[in-house]
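Written out below as structure tokens is the structure these notes cover.
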Amino acid sequence: YAVFANGGYHVLPYFISRIDESGGQPIYVATPPRACSDCWFRTGKDAPARTEGTAVTDLASRAIDPRIAFQVTSMMEDVVRRGTGTRAKRLGRSDIVGKTGTTNDVRDSWFCGFQADLVAVAWMGFDGFEKLGRGEEGGRAALSMWNEFMETALKDKPEASLDPPPGMVAVKGDFGREYVMEEFKDALQGPAPVAVASTGPKRGAKKAVRPKTSAPKAIDDLF
């Protein structure tokens, strides 16, 4: 998820940044490095997003194509907008993306999500692998915890915008504008119309209709 948030560039991970005792007093606080990133997930108008865990002196290596990072991030946006992660809308932000998860018999529940500057994972389960109970899926149990954390962590942070990298083409899809890779642009309109042979009109027969091209159908075929 950190790679997606960082526009496809590798992010050096650190696992525990802070541990608090029950009274809220920190007993361990890590000091990870900070670095600016040239990723396309930007905060504000011009400022590039800053990503925790990326080395300051060396630019991160390219891990995946930025277009793939954009498409996966865009799909995870839909998880929050209209999928199993809609409870994240409670934060009132448009830059939240993520994915819910629930194992068989609802024994594990989690939500992995991120914003331009922060990736967080919330998990709920029992050490003894007991069932959590009916309705405690990732989109409810784990996501509720995730919301509590992110509401505080992202307080006063400006919303970021997800801008498509070079090499993407916008097309009209089932849910509005969608982006596909530029090399597929010749296939976006679907197959060419095919003329249907006829032996002549018959009484009561309906007039033949030429098939229409369909960009959404082509997208379904590609993905």
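- Inter-residue side-chain proximity for Val97 and Phe114 is flagged as met; some heavy-atom pair is nearer than 4.5 Å.
- At a cut-off of 3.5 Å, with distance as the only test, no side-chain donor of Glu136 or Ser109 sits close to an acceptor on the other residue.
- In summary, of the residues considered (Leu132, Val106, Leu143, Asp108), a side chain to side chain contact (heavy atoms under 4.5 Å, CB included) with Met124 occurs for Leu132 alone.
- In this structure the side chain of Thr73 reaches within 4.5 angstrom of the side chain of Leu162, judged on heavy atoms.
- Contact annotation: the side chain of Met181 approaches that of Ile68 to within less than 4.5 Å [non-hydrogen atoms, C-beta and beyond].
- Separation of atoms OG1 (Thr100) and CD (Glu137) is listed at 9.0 Å; rounding is to 0.5 Å.
- A pairwise comparison of heavy atoms in Ile96 and Ala88 identifies CG2-CB, 4.2 Å as the closest pair.
- Atom CG of Asp78 sits about 12.0 Å away from atom OG1 of Thr86, to the nearest 0.5 Å.
- Here Asn104 contributes atom CG and Lys131 contributes atom NZ; the two are 10.5 Å apart, rounded to the nearest 0.5 Å.
- For the atom pair CE (Met75) and CD (Glu178), the distance works out to 11.0 Å, reported to the nearest 0.5 Å.
- We find that Glu151 and Arg93 are not joined by a salt bridge, their nearest charged nitrogen and carboxylate oxygen being 4.0 Å or further apart.
- In terms of heavy atoms, Gln115 sits closest to Ala160 at NE2-CB, 4.4 Å.
- Taking 4.5 Å as the limit, every side-chain heavy atom of Val171 sits out of range of all side-chain heavy atoms of Tyr179.
- Remark: Lys155 NZ to Leu91 CG distance equals 13.5 Å, nearest 0.5 Å.
- At a threshold of 4.5 Å between side-chain heavy atoms, the hydrophobic network of Ile, Leu, Val, Met, Phe, Trp and Tyr places Phe111 and Phe126 in two separate groups.
- Atom CD of residue Gln25 and atom CG of residue Asp20 lie 8.0 Å apart, to the nearest 0.5 angstrom.
- Not one N or O on the side chain of Arg87 forms a donor-acceptor pair closer than 3.5 Å with the backbone of Arg140.
- Proximity of Val79 to Thr84: side-chain heavy atoms (C-beta onward) are separated by under 4.5 Å at one or more points.
- The two atoms that bring Val169 and Glu182 nearest to each other are CG2-CA, 3.6 Å, heavy atoms only.
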Take Arg81 and Glu77, measure what salt bridge (charged side-chain N to carboxylate O under 4.0 Å, His left out) needs, and give me the verdict at the end.
CA-CA 6 Å; Arg81 289 176 179 172; Glu77 276 188 317; 3.7 Å; yes

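- Looking at heavy atoms from C-beta onward, Leu118 lies in side-chain contact with Phe149 at the 4.5 angstrom threshold.
- Between Asp163 and Phe70 the shortest side-chain heavy-atom distance does not fall below 4.5 Å.
- Using a 4.5 Å cut-off on side-chain heavy atoms (C-beta onward), Gln71 and Met168 make contact.
- What you find for Trp146 and Ala120 is that their closest heavy atoms are NE1-O, 2.9 Å.
- More than 12 heavy-atom neighbours from other residues, nucleotides or ligands sit within 6.0 angstrom of CG on Asp105.
- Among all heavy-atom pairs drawn from Val80 and Gly98, the shortest one is CG2-N, 4.1 Å.
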